[in-house]
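Every chain is numbered from 1, with letters handed out A, B, ... down the list of sequences.
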Protein chains: 2
Amino acid sequence: MGKILKMPSATTAPQDVSREDAATFDVLRQMREDILCCVLKPDQRLRFGELRDRYDTSVGTLREALSHLVSEGLARTEAGRGFSVAPISLADFLDLSELRVYLETRTLADAIRHGTDAWEAEIVGSHFLLAKLNAPRQDDPVAIKREWGKRHKRFHDALVATCTSPWSLHFRSELFDQARRYHWLTMIHARSRRRNEHLELRDAVLARDVDLACGLIEKHIRTTVAQAASEVPGLTMTAPKRKKA
Amino acid sequence: MGKILKMPSATTAPQDVSREDAATFDVLRQMREDILCCVLKPDQRLRFGELRDRYDTSVGTLREALSHLVSEGLARTEAGRGFSVAPISLADFLDLSELRVYLETRTLADAIRHGTDAWEAEIVGSHFLLAKLNAPRQDDPVAIKREWGKRHKRFHDALVATCTSPWSLHFRSELFDQARRYHWLTMIHARSRRRNEHLELRDAVLARDVDLACGLIEKHIRTTVAQAASEVPGLTMTAPKRKKA
DNA sequence: GTTTCGAAAGTTTTCGAAGATTTGCTGCGG
DNA sequence: CCGCAGCAAATCTTCGAAAACTTTCGAAAC
């Protein structure tokens with residue numbers, strides 16, 4: 001009891017969800033999602049006891065996943081004091097957004113120049129999925145917000161998919177995830193009164209207009225930063241210190 | 001027997017080597033160094049049996065360290081097939097160097113603008129240490145090359161130490177390490193007939209000449225790429241495929 | 001001669017527990 | 001009343017072995 005991991009074996013399809021590291025990778029992805037959606041709150045201590053219950057896995061597996069998250073900047077670890085969720089701050093958001101502007105425009109420009117038919121198709125498709133769920137409100141259920149976040153990421157990934165620089169794509173992806181944490185807070189606390197920026201972006205990209213597209217995505221990023229900075233409470237103050245002032 | 005990890009406990013200084021995760025972090029650092037210096041060769045399979053002997057630690061600890069290395073792009077892992085050292089290629093070197101030019105100039109420019117006395121002191125000091133070991137040759141012992149690599153990194157870290165963008169510094173550091181792998185090969189195969197680029201760089205930075213310093217570091221990077229591309233054998237061919245052609 | 005199947009060997013992956021460290025609490029002394 | 005030493009509880013860290021998977025090798029069938 002307690003663990004029913006293995007299916008009857010013969011009945012599972014050969015190309016099931018088996019891709020990637022299965023258990024460890026699964027836990028990693030779940031934890032990352034939970035941090036990005038602030039289910040695990042910034043600065044929250046991550047005790048193995050609770051984590052073991054929540055993700056139903058062993059300490060070793062958790063440790064491996066946490067190790068990954070530390071490298072990605074989503075968690076911290078110190079000496080013999082265990083792990084905790086990485087803190088957030090306005091300064092951090094400003095800093096990462098600044099770099100994002102460069103990486104997003106760089107990768108987007110390159111992707112447009114190397115765009116293919118399949119690339120255009122995925123952009124159209126992912127935008128369609130995103131548009132169907134447009135603008136989640138404060139009072140929407142969490143499941144909706146999560147789904148929107150997923151589709152939002154898929155759309156933006158599609159835009160730069162044909163970029164020829166793996167390293168640029170890698171860092172862009174990491175920063176995009178980092179930004180998702182702040183976007184989540186914005187979705188919760190602020191009213192999203194943005195217009196169809198994604199539609200404009202899609203059309204500019206499909207028209208292969210590098211300058212226009214890069215300008216739009218830059219504005220897209222900066223607008224989000226400004227909105228978060230002005231409307232999200234608790235972002236301007238630093239992480240809660242426990243000892244003294 | 002087998003393991004004598006713990007000191008008599010009371011005699012060890014409170015601020016000994018205790019900083020950071022001790023065991024895990026130690027193994028991580030050792031493995032990273034070994035990959036950077038190509039002791040663990042590109043594409044080499046990393047079997048736990050051998051790793052256990054080499055680093056004298058358990059599977060769990062190794063797995064945690066490897067997890068880190070995967071995030072840093074120094075190792076790969078696939079499904080249930082274990083870990084291997086990340087491959088190298090000329091295309092990869094060109095790609096990461098291109099990004100490096102941006103990140104090094106960006107961080108350097110910012111660091112110069114925010115430079116302090118302590119920053120200048122560390123630059124002077126680390127350059128002195130580097131100059132004392134200048135230009136390791138092909139036939140120098142490995143220990144010398146390792147030490148040079150260490151001092152080289154320390155000098156370049158010192159240059160950008162006062163940069164105010166943590167994310168830029170983080171990515172710059174990762175790419176610098178990546179580049180170290182290729183520098184190592186260059187040290188082994190090619191004759192380093194470069195002149196005092198580090199000295200010029202130091203003086204330009206201390207003179208707070210942003211444009212000159214950024215130009216120098218850009219040339220520094222591009223020259224190394226060109227040298228490696230033309231003189232290092234085996235870099236132009238892709239990783240050895242095992243199955244068929 | 002080639003292919004397919006199955007068993008054995010080699011590796012990886014996962015787990016639970018023992019060892020070590022930190023944290024929290026209690027009581028004594030200043 | 002505050003501070004500190006010492007003990008107890010909680011927590012993290014490390015380890016070795018069992019379970020699951022992949023690969024290899026050899027024999028039988030085509």
- With sequence neighbours left out, what residues match A:Thr116 under side-chain hydrogen bond (donor to acceptor under 3.5 Å, both in side chains)? none
- Message: If I take atom CZ in residue B:Phe48 and atom C1' in nucleotide D:dA17, what distance separates them, rounded to the nearest angstrom?
- Response: 15 Å
- Task: Dump the intermediate steps for side chain to side chain contact (heavy atoms under 4.5 Å, CB included) on B:Leu74 and B:Val85, then the final yes or no.
- Result: CA-CA 6 Å; B:Leu74 291 173; B:Val85 179; over 6 Å; no
- What is the distance, rounded to the nearest whole Å, between atom CD of A:Glu64 and atom P of D:dT14? 14 Å
- Item | Distance in angstrom units between A:Arg47 CZ and C:dT23 C1', rounded | 11 Å
- Query: Which part of the nucleic acid, if any, lies within contact of B:Leu46, taking any heavy atom under 4.0 Å across all strands shown: a base, the sugar-phosphate backbone alone, or nothing?
  - Reply: sugar-phosphate
- Any B:Arg81 side-chain N or O less than 4.0 Å from OP1/OP2 of C:dT13: no
- Message: Please evaluate residues A:Thr107 and A:Arg172 with respect to the criterion side-chain hydrogen bond (donor to acceptor under 3.5 Å, both in side chains), reporting the C-alpha separation (whole Å), side-chain torsions for both, the decisive distance (0.1 Å), and the verdict.
- Response: CA-CA 8 Å; A:Thr107 49; A:Arg172 186 211 75 92; 4.7 Å; no
- Just to confirm, is there a sub-4.0 Å distance from OP1 or OP2 of C:dT14 to any side-chain nitrogen or oxygen of A:Thr57? no
- Query: When the distance from CZ of B:Arg63 to C1' of C:dT11 is rounded to whole Å, what number comes out?
  - Reply: 11 Å
- Tell me whether the OP1 or OP2 atom of C:dT13 has a side-chain N or O from A:Thr24 closer than 4.0 Å. no
- When rounded to whole Å, the CZ to C1' distance for the pair A:Phe83 and D:dC12 reads 9 Å
- Task: Please report, rounded to the nearest Å, how far the P atom of C:dT12 is from the CG atom of B:Leu62.
- Result: 11 Å
- Query: Is B:Gly82 touching bases, backbone alone, or none of the nucleic acid, heavy atoms closer than 4.0 Å?
  - Reply: sugar-phosphate
- N/O (side chain, B:Arg52) to phosphate O (OP1/OP2, D:dC15) under 4.0 Å: no
- In whole angstroms, the gap separating P of D:dT11 from CD of A:Glu50 amounts to 8 Å
- Query: Rounding to a whole Å, what distance do you find between A:Asp56:CG and C:dC15:C1'?
  - Reply: 12 Å
- Mind checking what makes side-chain hydrogen bond (donor to acceptor under 3.5 Å, both in side chains) contact with A:Ser71, not counting sequence neighbours? B:His68
- Message: I want to verify a distance call: between C:dT14, D:dC15, C:dT12, whose nearest atom is closest to the A:Ser58 side chain?
- Response: C:dT14
- Query: How about B:Tyr182 and B:Asp92: does a side-chain donor come under 3.5 Å of a side-chain acceptor?
  - Reply: yes
- Item | Nucleotide nearest A:Arg45 (side chain, heavy atoms from C-beta), chosen from C:dT13, D:dT11, C:dT12 | D:dT11
- Query: With a 4.0 Å cut-off on heavy atoms, is A:Leu66 in touch with a base, just the backbone sugar-phosphate, or nothing at all?
  - Reply: nothing
